[in-house]
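Per chain, numbering begins at 1; letters A, B, ... match sequence-line order. Values below: every heavy atom of this structure, side chains too, minus hydrogens, waters and symmetry copies.
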2 protein chains.
Amino acid sequence: MHGEIAPGQALTLRGIGKEFDVSMTPAREAVRRLVAEGALFLSSSGRVSTPELTNDRIEELAALRALLEVELSSRALPRAHMALIDRLQSINMTVAEMVTKRDAVGYIRSNLEFHRTLYLRAQAPAMLAIVETVWLQLGPTMRALYGRLRRTEPPHYHKLIIAALKAGDEPGLRLAVRSDVTQGLRMLVS
Amino acid sequence: MHGEIAPGQALTLRGIGKEFDVSMTPAREAVRRLVAEGALFLSSSGRVSTPELTNDRIEELAALRALLEVELSSRALPRAHMALIDRLQSINMTVAEMVTKRDAVGYIRSNLEFHRTLYLRAQAPAMLAIVETVWLQLGPTMRALYGRLRRTEPPHYHKLIIAALKAGDEPGLRLAVRSDVTQGLRMLVS
DNA sequence: CATACCCCCATGTGATCACAAACCGCCGTT
DNA sequence: AACGGCGGTTTGTGATCACATGGGGGTATG
């Protein structure tokens with residue numbers, strides 16, 4: 001999810017087992033779960049690797065993020081009190097720090113934490129779980145992008161999201177979330 | 001997915017293995033996958049059963065269906081030619097037949113086939129996969145409802161969906177799909 | 001007759017093994 | 001120099017086993 005593994009990277013059950021000091025059996029179960037969630041790709045011969053997404057697939061996953069995350073933010077809005085907004089602002093400082101440090105994995109991790117923190121307030125666990133599987137599918141690809149990207153400014157749309165939350169402005173929030181989600185992924189399409 | 005198993009029904013790895021003439025290992029992998037998709041519930045002690053959904057969870061899954069299936073139908077609309085509409089009408093006759101036969105499992109199966117046939121035209125495999133995991137989560141609960149239900153009339157909203165497809169009426173299609181999805185699940189909330 | 005306790009058995013977990021398939025690198029040929 | 005065939009080795013699969021744990025039924029007690 002955080003892009004620690006490059007797209008197309010091959011994994012072996014014995015290798016995973018050795019890495020975590022377990023036998024093949026738990027490694028297999030974990031891999032099967034991740035395959036079920038679309039986070040890993042299972043070739044017809046049973047070999048496992050991170051997926052290499054096509055442009056079409058990236059666009060579709062971005063559309064899913066937009067659809068679901070806009071809904072989640074909308075549901076979180078009435079429950080968003082000052083403590084939450086403070087917490088979002090604090091996380092956003094970490095995001096900015098990761099940007100200046102050019103830490104792609106740290107950026108993705110803190111960026112997703114920003115979104116997750118907001119969506120947790122929506123009280124919609126099934127919806128959040130689905131969004132997280134989408135993040136999981138995009139992880140390796142997002143890293144490949146942000147690794148290339150030479151950006152130094154912190155995320156602009158996060159500030160809009162926070163402002164809309166403060167103002168209780170639902171249309172503004174929906175637009176800001178949609179823009180934030182779409183913006184990063186639009187440049188993914190090579 | 002088709003409601004062949006009641007909510008809360010317990011399953012054992014050895015039992016599943018015996019049922020399909022395999023050892024525990026493939027049964028475990030299948031169960032883990034279904035747990036990952038939310039189709040099965042894994043207790044803290046590792047026991048496996050179909051989930052017993054709370055009202056909140058049912059409402060959330062219904063909202064997900066509405067959100068995603070409306071989008072899928074909207075994307076399918078420009079590609080929906082006469083052959084597809086004919087096929088939908090044919091499936092809809094099967095649905096009606098299942099209703100008169102009071103065959104709950106057959107009704108759920110053909111109803112989902114109706115929806116899947118339409119959504120396949122959307123060319124959005126990731127979105128369709130997610131919708132199917134939602135169907136999977138609702139399967140046992142839907143059966144428990146439709147089993148109680150004493151309905152004899154075929155689904156009204158399916159006709160509206162077909163009419164909107166014929167007319168190329170996108171707002172009408174979105175409304176009809178949303179109504180069809182919501183209607184059945186609204187009465188689930190006891 | 002109801003309730004609580006306890007023990008045995010059913011059940012999941014993780015490890016290991018035998019086997020088949022497929023991948024990869026090497027060598028020969030053209 | 002490029003391509004194709006071949007064999008060794010890596011890899012996934014399914015089965016089986018030993019073990020720990022939790023659940024349910026039976027029994028004893030109030």
Applying side-chain contact (heavy atoms from CB on, under 4.5 Å) to B:Q137 and not counting sequence neighbours gives B:R57, B:L61, B:T133
Using a 4.0 Å heavy-atom cut-off across all strands, classify B:I16 as base, sugar-phosphate, or nothing.
-> nothing
Going by heavy atoms closer than 4.0 Å, what residues in residues 34-50 of chain A are next to DNA chain C?
-> A:S45, A:R47
Test item: A:E132 and A:E37 side chains (from C-beta on) under 4.5 Å apart, heavy atoms | no
Side-chain heavy atoms under 4.5 angstrom apart, residues restricted to Ile, Leu, Val, Met, Phe, Trp, Tyr: same cluster for A:V70 and B:L72?
-> yes
If you look at every strand shown and take non-hydrogen atoms under 4.0 Å, does A:T12 touch a base, only sugar-phosphate, or nothing?
-> sugar-phosphate
Residue pairs passing the salt bridge (Lys or Arg N to Asp or Glu O under 4.0 Å) test with at least one member in residues 84-96 of chain B, sequence neighbours excluded, are B:R87-B:E113
So where does chain A start and stop touching DNA chain C, 5' to 3', when the test is distance under 4.0 Å to a non-hydrogen atom?
-> C:dG14 to C:dC23
Angle class for the B:H115/B:H158 ring planes (parallel below 30°, perpendicular above 60°, tilted otherwise)?
-> perpendicular
Under 3.5 Å: donor-acceptor pair, side chain of B:E60, backbone of A:M127 = yes
Could you go through residues 2-18 of chain B and list every donor-acceptor pair under 3.5 Å that involves a side-chain atom there, pairing it with any protein atom two or more places apart or in another chain?
| from | atom 1 | to | atom 2 | distance (Å) |
| --- | --- | --- | --- | --- |
| B:H2 | ND1 | B:R109 | NH1 | 3.3 |
| B:T12 | OG1 | B:G15 | N | 2.9 |

Excluding B:Y157, membership of its hydrophobic cluster (Ile, Leu, Val, Met, Phe, Trp, Tyr; side-chain heavy atoms within less than 4.5 Å) reads B:L160
